[in-house]
Amino acid sequence: MALSGGPASWLPLKASTGQRLTVGLFLGGSLLGLVGTVLSLLDPGAATLLLPWGFPWGRFAVVIDPLSAFFLWLIFTVPALGSVYSLSYWRAAEHPDNSQRLGFFYGLLAASMGMVVIARDSILFLIVWEIMALSAYFAAAVEDDRPEVRQAGWIYLVATHIGTLILIAMFALWYRETASFALLTPVAVPLSRAGIIFVLAVLGFGFKAGLMPLHLWLPGAHANAPSHVSAVMSGVMLKMGLYGIIRVSGLLLQLESWWGWLLLVVGSISGLYAIALALSQRDLKRALAYSSIENVGIMAMGIGLALLGRASNRPELVLLGLGGALFHILNHGLFKSLLFFNAGAIIHAGRTRDLEQMGGLGKNMPVTAGLFLVGAVAICALPPLNGFASEWLIYLGLFKTLAAASPANLALAGGAAVVLAMIGALALATFVKLYGTIFLGSSRAPAAPPAHDPEASMKIPMFCLAFASIFLGLLPSLIAPLLEKAVRLWAPLLASGLTLAALVPQLWLTYVGSGIIIIIAGWACWQKILRQGKAVSRGVTWDCGYAKPTAKMQYTGTSLSQPLVRLFSFALRPGTLKNLTNLPFPGKSEMQNFVPDAVLERLVLPVFQRCSRFIPKVYIFQHGQTHLYVLYVLLICIALFVFSGIGGGL
Amino acid sequence: MNELINAIFVIILALNLFALGSSRIISVIRIVALQGVLMGLLPLFIHSHLTFTAILSSAAAISLKGFVIPSIMIKALRDVQIKREVEPLFGLLPCTIIGALVTAAVFLICGRGNAVGQSELSLIIPTSITVVLIGFILLTTRLKSLTQVLGYLVLENGIYMFSLLLLEAIPLVVEMGMLLDLFVSIFIVSIINNKINRTFASLDTRNLSSLKE
Amino acid sequence: MIDLMVHLLFLLLLPPLLMGIINKTKAGFAGRRGAPLLQRYYDILKLLRKGMVLSATTTWVFQAGPLITLIAVLLAGLLVPLGSSPALFSFTGDFLLFAYLFGLARFFTTSAALDTGSAFEGMGASREVTFAVLTEPAMFFAFLVLARLSASLSLAGMLHSRFVALDYPGSVAPMVMILLGLFIVFLAENSRIPVDDPTTHLELTMIHEVMVLDHSGPLLGVIEYASALKFFVLGSVLINIVMPLYTDRPWLNWLMFTSGMIGLAFLVGTIESITGRLRLPRVPALLIVAVLLCSSAFVILLR
Amino acid sequence: MESVLILLPLVMAALALIVPSNYWRPWLLPFTALIHTGATLAVILHPEWGSQTVWLKLDPVGTIILLTVSVLYLFSAFYAVGYLHFRRERPNRIFCASLLAFLGLVSLAIWAHHLGLMWVAIEGTTLVTAPLIYFNHTPRSIEATWKYLVVGSVGIALALLGTFFLAYAAMQGGFTASLNFMDLLKQAPGLSKIWFRAAFILMLVGYGTKMGLAPMHTWKPDAYGEASGVVGGIFAGGITSGAFLALLRIYQIGNAAGESQFMAGLLIFMGLFSMAVAGIFMISQRDIKRMLAYSSVEHMGILALGLGLGGPALFGTLLHVINNAMTKGLLFLSAGNIHRAYASKSTDQVRGALRRLPLSGALFLAGFLAITGSPPFAPFISEFSILNSAFSLEHFWAGGLFLGFLFLVFIGMGITVLKVVQGRVPEDVEESPYKDSFLTAAPILAFMAIVLGLGLYIPDFLQSLLRAAVSFLENQG
């Protein structure tokens with residue numbers, strides 16, 4: 001009964017006759033899934049299903065435990081909202097040739113994610129994992145007639161495949177060490193091998209989660225996918241990678257502190273570098289994608305902290321680190337989806353993703369602008385929204401390493417708090433830039449058609465997400481029991497008896513947050529009353545004496561971020577495309593700044609290009625000359641005789 | 001008896017070198033045919049008591065290798081009206097020298113080993129291996145499709161020769177099957193030869209290199 | 001209870017006075033009489049009574065900016081201990097809220113600036129977010145040092161437990177270093193010389209003032225008040241570090257605190273009088289010095 | 001029963017030579033194939049119906065191969081009817097006869113328990129399939145046929161020499177020379193080591209040529225590239241499986257002779273080398289059928305690798321024989337359809353197949369994912385189990401390289417396949433009369449169903465067949 005979650009969500013696959021039917025089934029499936037999740041939490045015993053399976057190895061092992069359940073919340077809500085969103089965003093009538101395909105793979109994606117978090121057998125896991133990866137590919141690359149979509153899709157496919165191969169290796173090693181494919185109970189694996197398994201897990205899952213430098217597929221794929229697919233990929237699918245890391249590290253009984261350091265360092269680098277890249281993007285969805293990498297970095301830092309805590313027997317670090325990471329996973333799923341939905345609404349209103357073509361949309365799309373603001377404030381981790389609530393836990397965990405009892409090397413982890421602070425400041429810059437250049441000021445593309453707020457079926461999901469973001473920001477203590485259960489499962493010995501409430505006064509966030517909101521609301525009313533009868537005149541913006549400011553004179557997004565890009569130019573390596581004329585009578589001049597992705601465009605692609613130049617040189621061996629082919633046969637024969645050492649014996 | 005067998009071996013080896021050194025295709029065909037006949041005769045000398053099956057198989061081998069296949073080849077040769085004769089990758093003399101060196105090397109290696117048991121058959125193994133290798137040399141250094149087929153025939157001869165060591169292991173059916181396969185393959189190959197000639201106006205296999213990579 | 005009342009009163013009333021002190025100091029250095037000490041109060045009151053001009057490009061964000069800034073700074077002010085008051089609210093992790101409330105203020109100030117669509121205000125916003133990227137790490141390194149020294153994770157605990165320095169071996173050097181670092185942060189956050197010149201007439205070089213060019217009337221009044229408040233709140237953190245309060249007599253503590261704040265204002269005025277504003281590209285270097293000071297303090301402490 | 005399996009197709013081949021109608025003749029193929037599959041199933045269910053002579057015997061390993069080939073042939077035969085109907089302008093007398101004769105000969109090779117007889121049958125399959133490559137009568141197909149014949153014959157001749165060496169190894173061991181498989185198995189521990197090893201190398205190279213292990217694979221891209229899709233499928237799934245069976249025979253003898261260590265080294269080397277070569281040659285391959293040929297090289301490499309690892313890997317290896325054959329059928333048949341629809345097999349022209357041929361294009365794409373070892377398709381299960389065994393046997397390097405080459409192959413194949421299926425049809429490509437029809441699409445769907453089904457569930461009877469085959473290979477019972 002409690003399992004209805006998994007199977008029920010398979011329903012949407014079967015319906016492709018009508019989009020509405022698909023969405024209806026999807027919602028039904030998700031609802032059933034949610035019910036299943038709740039039931040499984042109420043009655044833990046019933047949520048286990050172990051069936052023999054048609055393979056000589058492994059079983060059909062499906063278990064919903066608190067950790068899976070935590071991810072299920074996200075899996076059953078965000079994709080469902082996305083499917084409602086797609087009703088207007090990807091109207092079947094406007095995309096006759098691919099809306100069915102998209103619906104199918106979108107449903108498959110959601111269903112397989114649900115299976116990923118409850119599958120507890122290596123083979124089953126790999127199967128649903130790959131279904132998830134592939135359906136995400138097909139959903140994201142649905143507009144395959146556009147070359148850039150194909151390119152981005154291909155990079156994603158390669159990245160996810162190499163990730164899967166690493167996971168295959170990881171599970172093979174797991175089998176070697178545990179003599180079982182089951183992923184049910186924690187196992188004691190010799191530390192050296194456990195370390196290899198962990199590193200393989202970080203690599204394999206890191207590709208999916210988008211940890212730097214394994215993120216290379218992420219910006220392109222997110223930018224080029226339909227927005228609700230981007231939302232699900234960024235909001236939910238990336239988290240599957242983190243789920244994998246959490247799950248595998250939870251199944252290994254013994255661990256060393258360097259595991260935690262590894263994640264802490266990787267997370268810090270991901271966070272910092274990705275947000276700096278996000279800041280420097282011109283493409284709205286690329287910027288959002290980089291910001292996802294940043295948030296994944298933050299979550300990885302939380303997980304790393306929890307690992308450190310486990311290794312050094314500090315339950316409060318485990319609870320705060322993993323609890324914060326999980327909470328942030330949930331929160332990021334909410335507000336990042338909201339932001340991608342917003343981006344979709346902007347695109348839907350006939351705009352491109354190019355920030356330099358936007359501006360002033362807030363006047364025509366007030367609802368979208370307001371919702372974007374909620375998402376932006378949340379993602380900058382500003383109080384009183386949910387982003388702060390979760391980062392707060394991670395921060396506190398990091399500061400807890402400083403307790404007087406901690407040895408200096410553990411206390412060094414506190415340094416990560418500084419990284420987090422810097423990430424926060426950069427995220428603020430990024431989202432001020434995004435919000436400002438998109439919605440504020442005046443339009444930079446005067447010729448573009450007037451934008452408008454989207455239809456209700458797009459607005460409702462966004463409202464739900466915004467509401468959830470505010471709600472969780474104000475009442476984070478509601479989530480605490482779920483977090484505690486999940487963490488206790490992960491580190492049963494350490495975190496028992498310890499509660500989040502004992503560590504963190506989450507209620508204060510409620511007080512302060514509602515305080516802020518009440519004061520703002522009150523002040524706004526008061527202002528309204530007060531201003532009645534006061535002279536409010538309208539005029540043009542004061543531009544320091546210049547009488548006729550135009551939209552073209554506005555600060556652009558690129559110029560807004562330029563000082564920071566220059567500050568970090570040692571790492572970002574910005575490039576410039578110049579076409580400046582130096583003639584006596586200057587003609588049309590152009591200059592464009594861009595920041596390439598260091599890993600993809602400066603490392604991986606050049607290596608691939610070099611290889612593709614080199615490899616055809618080998619092709620001369622397949623030259624078409626029959627008699628030389630016969631010679632190959634003779635030569636390999638002789639070679640085998642010689643190398644197997646029996647040539648002399650005959 | 002032993003002397004006779006050894007003499008045949010020597011002739012077979014010499015024919016190898018002739019095949020390598022000959023510049024006319026027709027003479028290579030004849031050399032290979034002669035080698036085939038000698039191979040066919042060998043079992044009659046080796047085995048003291050002649051059974052019916054031995055006679056039958058050797059008769060089949062002789063007729064196929066000595067007469068049927070050569071006639072097919074000669075007919076194919078006439079059909080294609082080859083102007084220029086054997087075209088080796090490098091000169092005939094170097095080929096012959098390599099052939100001689102290979103012969104010497106094989107005998108040297110086999111002489112050292114303990115493989116050689118029975119006295120009367122002592123030379124079968126090195127001889128057959130040599131013939132196989134000479135077949136390979138013909139295959140890899142000749143550029144005309146027809147001469148490559150001849151190389152393949154020499155190769156087959158070498159293998160056939162080895163099988164004389166184990167007559168009782170190979171029943172008549174299998175032996176006949178092998179000869180049938182040989183016949184069919186030569187038959188098909190000559191058809192293809194014909195097509196090659198008609199399509200490419202030459203038997204030079206260097207023309208057959210549009211499929212690569 | 002009385003302490004809390006005094007806390008609130010000081011927080012609400014004192015800030016503009018400090019501005020007046022700075023101006024008086026600067027006037028003194030320049031040999032002028034200068035505006036009255038209470039001039040800033042008159043200004044704010046007058047501005048609040050005025051009508052306002054709104055640019056046609058702006059939306060509600062433009063008006064919400066100053067408001068949210070004020071609320072955020074006020075809330076932050078409730079979290080710091082002042083004088084003998086241990087802060088109105090104090091709980092584990094409140095220092096993070098403190099830092100992020102300033103972030104909230106920054107978000108809305110810069111957004112409001114961008115709402116005007118003016119190139120100058122964009123410049124100001126750009127600089128504001130840029131420098132924050134450097135001041136935040138310095139601030140957090142300082143928090144790390146304080147947290148390690150005080151073994152407390154609340155702002156009041158960090159600043160006000162009569163701990164500091166003395167019974168923790170080797171803590172004096174780190175304390176001095178973070179003090180210096182935080183002072184630079186304080187100057188930058190409040191847009192004072194040498195980072196920014198609040199009285200300059202050249203918009204191209206401004207940071208904070210250029211972001212509020214378009215605000216007028218009550219909104220400008222709110223902004224003026226909020227920035228004075230910010231000065232006060234951040235300054236009180238510095239004062240708390242410099243003088244951990246020892247006495248049992250509340251009035252003495254309050255006196256010490258007030259004189260400390262006045263001293264700080266005087267110091268800022270002095271600096272503004274005797275140094276010039278740095279060229280903008282040089283500002284990050286100054287801020288990096290602050291980061292380095294604070295981070296070295298952390299490293300030395302852990303050594 | 002074996003007479004039905006072996007002789008019926010040969011008789012039908014003769015019949016095909018006689019039947020005058022170009023239209024009705026192809027129907028002999030599915031007719032024969034149905035009976036063949038039926039007989040195969042019957043003989044699997046009732047082993048006592050098959051003969052148990054010294055010469056002809058269906059052992060558990062042979063059962064697996066027979067089932068594979070028969071099922072592959074069945075669906076391909078239906079497809080062939082559709083294909084030949086589309087190519088009505090070409091006489092198909094020889095084509096049909098060759099295909100039928102192939103079925104008989106490959107069944108003979110599977111049943112043969114005499115290594116000489118097996119060799120004869122396998123050489124026979126080489127000969128009867130040559131005309132299939134030549135079907136189109138273009139200069140390129142002549143060239144491909146020629147290379148196939150020369151390289152293939154030389155290789156298979158070496159296998160014969162190896163077979164003789166094996167018999168001689170028995171003689172050296174003091175037994176009466178015999179090429180009977182069961183005899184050899186019994187004598188295995190006493191075989192002369194050196195002669196056995198020489199025999200193994202020659203048979204590895206010889207039958208490896210037939211399988212298409214690098215570097216003896218050179219004929220493969222040419223032959224597969226020029227043959228029609230259905231022939232390519234039968235080559236890649238049928239002939240290769242037959243040749244692999246021959247390799248399994250000598251492997252089993254070697255196992256009994258205690259030579260597993262020796263064989264493992266060579267097989268693993270050849271396997272990995274083949275995968276590497278295939279991977280390299282697949283990158284920037286523009287011809288879809290040649291690409292599939294290299295993919296076949298790669299999978300032969302996987303089979304060799306799995307065999308070399310031995311022990312726990314054998315199950316996966318035998319499973320992979322089935323999976324490879326089914327997936328290759330899927331790929332070659334859909335590639336054939338795409339070839340038809342574009343009148344080209346170069347990625348310069350073939351683009352946007354999902355738009356021109358939605359079904360075949362999608363199946364081709366799915367086949368690509370399957371063959372590169374993506375779950376949930378069947379090859380993943382077998383490849384995973386091979387990798388698992390590599391790790392359990394402490395062959396970490398082999399396992400790592402295996403994964404690396406799989407990745408290389410994925411990239412190489414992915415570039416080409418995605419180019420083919422995605423995007424828009426180039427404007428200079430002419431309209432094509434070809435559309436997916438029932439006969440050309442249903443067989444592919446059947447393969448797809450098998451590939452997907454086996455990826456999610458292996459029926460019990462198949463598992464027990466595979467287990468029996470593994471224990472037979474390991475000479476237990």
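Keep in mind that the numbers below use all heavy atoms, side chains included, and drop hydrogens, waters and symmetry copies.
- Contact tally against chain A (heavy-atom pairs below 4.5 Å) for D:Val205, D:Val150, D:Val277: the top residue is D:Val205.
- Proximity of A:Cys637 to D:Leu158: side-chain heavy atoms (C-beta onward) are separated by under 4.5 Å at one or more points.
- Of the two parts of D:Leu456, the backbone and the side chain both hold a non-hydrogen atom closer than 4.5 Å to a non-hydrogen atom of chain A.
- If you measure heavy-atom distances from D:Arg467 to chain A, the contacts under 4.5 Å come from the side chain alone.
- D:Ser284 has its side chain within reach of A:Pro616: a pair of non-hydrogen atoms, C-beta onward, lies under 4.5 Å apart.
- By number of non-hydrogen pairs under 4.5 angstrom with chain A, the leading residue of D:Gly404, D:Gly208, D:Pro376 is D:Pro376.
- Between the OH atom in A:Tyr629 and the OG1 atom in D:Thr209 there is a gap of 14.0 Å [rounded to 0.5 Å].
- With sequence neighbours excluded, the residues satisfying side chain to side chain donor-acceptor pair (under 3.5 Å) with D:Gln422 are A:Tyr137.
- The two residues A:Arg176 and D:Ser392 have their closest heavy-atom pair at NH1-O, 3.3 Å.
- Of all heavy-atom pairs spanning A:Leu173 and D:Phe391, the tightest one is N-CD2, 3.6 Å.
- The shortest side-chain heavy-atom distance between D:Ile201 and A:Phe643 does not fall under the 4.5 Å cut-off.
- Considering only heavy-atom pairs separated by less than 4.5 Å from chain A, the leading option among D:Leu393, D:Val154, D:Asp460, D:Ile381 is D:Ile381.
- Remark: D:Phe380 CZ to A:Leu126 CG distance equals 4.5 Å, nearest 0.5 Å.
- Using a 4.5 Å heavy-atom cutoff, the side chains of D:Pro221 and A:Gln622 are in contact.
- When A:Leu124, A:Ile166, A:Ile123 are compared by the number of non-hydrogen pairs under 4.5 Å with chain D, A:Ile123 comes out ahead.
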(request) Test side chain to side chain contact (heavy atoms under 4.5 Å, CB included) on D:Leu365 and A:Phe138 and set out the steps. (result) CA-CA 11 Å; D:Leu365 184 57; A:Phe138 288 115; 3.3 Å; yes

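- Rounding to the nearest 0.5 angstrom, the gap separating the CG atom in A:Leu157 from the CZ atom in D:Phe368 is 6.0 Å.
- Scanning all heavy atoms of the two residues, the minimum distance from D:Met216 to A:Val633 falls at CG-CG2, 4.0 Å.
- When heavy atoms are compared at a cutoff of 4.5 Å, A:Leu134 approaches chain D solely by way of its side chain, counted from C-beta outward.
- D:Leu406 is not listed as a side-chain neighbour of A:His161, based on a closest heavy-atom distance of 4.5 Å or more.
- Atoms OG1 and CD, from D:Thr218 and A:Gln625 in turn, are 12.0 Å apart once rounded to the nearest 0.5 Å.
- A distance of 8.0 Å separates OG in D:Ser389 from OH in A:Tyr175, rounded to the nearest 0.5 Å.
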(request) Walk me through it: do D:Ile411 and A:Trp154 pass the test side chain to side chain contact (heavy atoms under 4.5 Å, CB included)? (result) CA-CA 9 Å; D:Ile411 290 187; A:Trp154 171 235; 4.2 Å; yes

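- You'll find the side chain of D:Phe410 stays beyond 4.5 Å of the side chain of A:Ile162, heavy atoms only.
- Between A:Arg150 and D:Gly423, the closest heavy-atom pair is NH1-CA, 3.1 Å.
- The two residues A:Leu640 and D:Leu266 come nearest to each other via the heavy atoms CD2-CD2, 3.8 Å.
- In this structure, chain A has no heavy atom under 4.5 Å from any part of D:Phe402.
- Put simply, of D:Leu204, D:Thr372, D:Ile415, the one with the most heavy-atom pairs under 4.5 Å next to chain A is D:Ile415.
- Judged by distance alone, with hydrogens and angles left aside, the side-chain atoms of A:Tyr619 form a donor-acceptor pair with the main-chain N or O of D:Ile280 at under 3.5 Å.
- If you measure heavy-atom distances from A:Phe614 to chain D, you find no contacts under 4.5 Å at all.
- At a 4.5 Å heavy-atom cutoff, A:Phe60 makes no contact with chain D through either its backbone or its side chain.
- Enclosure of atom CD in D:Glu394 by more than 12 non-hydrogen atoms of other residues, nucleotides or ligands within 6.0 angstrom is indicated.
- Among the candidates D:Ser374, D:Gly455, D:Pro459, the residue making the largest number of heavy-atom pairs closer than 4.5 Å to chain A is D:Ser374.
- Atoms CG and CG, from A:Leu165 and D:Leu387 in turn, are 9.0 Å apart once rounded to the nearest 0.5 Å.
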(message) Could you walk me through whether D:Arg355 and A:Asp144 satisfy the salt bridge (charged side-chain N to carboxylate O under 4.0 Å, His left out) test, starting with their C-alpha distance in whole Å, then the side-chain angles of each, then the deciding distance to 0.1 Å, before giving a yes or no?
(response) CA-CA 10 Å; D:Arg355 285 186 166 72; A:Asp144 65 325; 3.3 Å; yes

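- Nearest heavy atoms, A:Ser644 versus D:Phe262: CB-CE1, 3.5 Å.
- A:Phe171 has its side chain out of reach of D:Asn388: every pair of non-hydrogen atoms, C-beta onward, lies at least 4.5 Å apart.
- Contact count versus chain D (heavy atoms, under 4.5 Å) is highest, among A:Trp129, A:Trp174, A:Phe621, A:Phe181, for A:Phe181.
- A heavy-atom distance below 4.5 Å is not found between the side chains of D:Phe281 and A:Ile615.
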(request) May I have the step-by-step check of side chain to side chain contact (heavy atoms under 4.5 Å, CB included) for A:Thr626 and D:Trp219, ending in yes or no? (result) CA-CA 9 Å; A:Thr626 320; D:Trp219 59 274; over 6 Å; no

